[in-house]
Number of protein chains: 2
Amino acid sequence: MNSLHPLRMTQQRRVILDELRNLTSHPTADELHLLVRKRLPKISISTLYRNLEILSASGLVRKMDVAGQRKRFDATTSKHYHIRCDKCGRVDDVHMDLIPTIEEIARSACRYESVSHRVEFTGICPHCAEDEPFERRDEL
Amino acid sequence: MNSLHPLRMTQQRRVILDELRNLTSHPTADELHLLVRKRLPKISISTLYRNLEILSASGLVRKMDVAGQRKRFDATTSKHYHIRCDKCGRVDDVHMDLIPTIEEIARSACRYESVSHRVEFTGICPHCAEDEPFERRDEL
DNA sequence: CTAGGTGCAAACACTTTGCATCGGG
DNA sequence: CCCGATGCAAAGTGTTTGCACCTAG
């Protein structure tokens, strides 16, 4: 988790972290880039990727590899499940207890070691459910 | 699930499906490409991608969007959880009961509709655990 | 000062697409 | 026959990297 060299707090890194902490959403690197650019117009997308990677390695940020989607980032370090909207792609926290017991079940079922788990919910978010009662946005 | 036009069973499509059914693993498109090429040397990777997409849309194949990894495919249509090896990336089935009740819990916890879920286990597969008891393959 | 960070552009890995041609039903 | 399927190359998408310059400590 902690690297040998303490993090150098550059302006860019500070603003990225600050903007991420002001959000309850789970932005992708380029969504966050748009926000950060309002304060640091010249910041490049690679700085976002590099810092989000470094910050998540140092435990200040949580990186979410969403199945089949782009990475999302989150300044909350506590573990929780997420739900993704099938329509608009937004990701929200799910406030429910984790079920760590299933790791033990899985471990004995498949002979893997050091088993951890993630649960990924998907569904239709309240906003999209309202917009599209007939559930056919893309297919038209 | 079913399209209006019945599937045209081309040689390529038949071989792709056949090879996939002969596997218990969950190959990526290009892993399967290598296998299929032994029987159809001229088949292109785009044909693999196109067919795997079509076959999964028609329910003959299951497409797995693994978080942060490339897509994998599976000829088993029944639902089950998977576990991925953190070292080598292989994906195995986990033979345990699904926990559909958590969908209801999540639904009431976050106001989404049509909630479904997937559980993704990760760990160290038996083979890698044997190879690397000290668990530091990449970092050297 | 100097190692680590930055911006830029280019490379990358994976997947999709445009198009002329092929072939299954 | 004709429309969906194919092979090829080219374009996309999201992310990472090489490099010269910059800056926090």
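Chain naming here is simple, since letters A, B, ... match the order of the sequence lines and numbering starts at 1 in each.
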What's the CD1-P distance between A:I54 and D:dT17, to the nearest Å?
-> 11 Å
Centres of the B:H82 and B:H26 rings: under 6.0 Å?
-> yes
Nucleotide D:dT23, atom C1' - distance to CD of A:Q11 in whole Å | 11 Å
Reckon A:Y49 has a side-chain N or O less than 4.0 Å from the OP1 or OP2 of D:dT16?
-> no
Could you state the CG-C1' distance from A:L52 to C:dT6, rounded to the nearest angstrom?
-> 15 Å
To the nearest angstrom, the CG-P distance between B:D30 and C:dT16 comes to 13 Å
Ranking C:dG25, C:dG7, D:dG7 by distance to the side chain of B:I43, first place goes to D:dG7
Among D:dG7, C:dG5, D:dT15, which nucleotide sits nearest the side chain of B:S46?
-> D:dG7
With heavy atoms under 4.0 Å as the rule, sort B:R8 into base, sugar-phosphate or nothing.
-> base
Whole angstrom is fine here: how far is it from CD1 in B:I16 over to C1' in D:dG7?
-> 13 Å
B:R50 has its side chain closest, among D:dC3, D:dT15, C:dC19, to C:dC19
Look at all strands and tell whether B:T28 reaches a base, only sugar-phosphate, or nothing, counting heavy atoms closer than 4.0 Å.
-> nothing
Could you state the CZ-P distance from B:R13 to C:dG25, rounded to the nearest angstrom?
-> 10 Å
Within this structure, what is the CD-to-P distance between A:E53 and C:dG5, rounded to whole angstrom?
-> 13 Å
From CZ of A:R70 across to P of D:dT15 the rounded distance in Å is 7 Å
What interatomic distance, in whole Å, is found between C1' of D:dA5 and the corresponding atom of D:dC1?
-> 16 Å
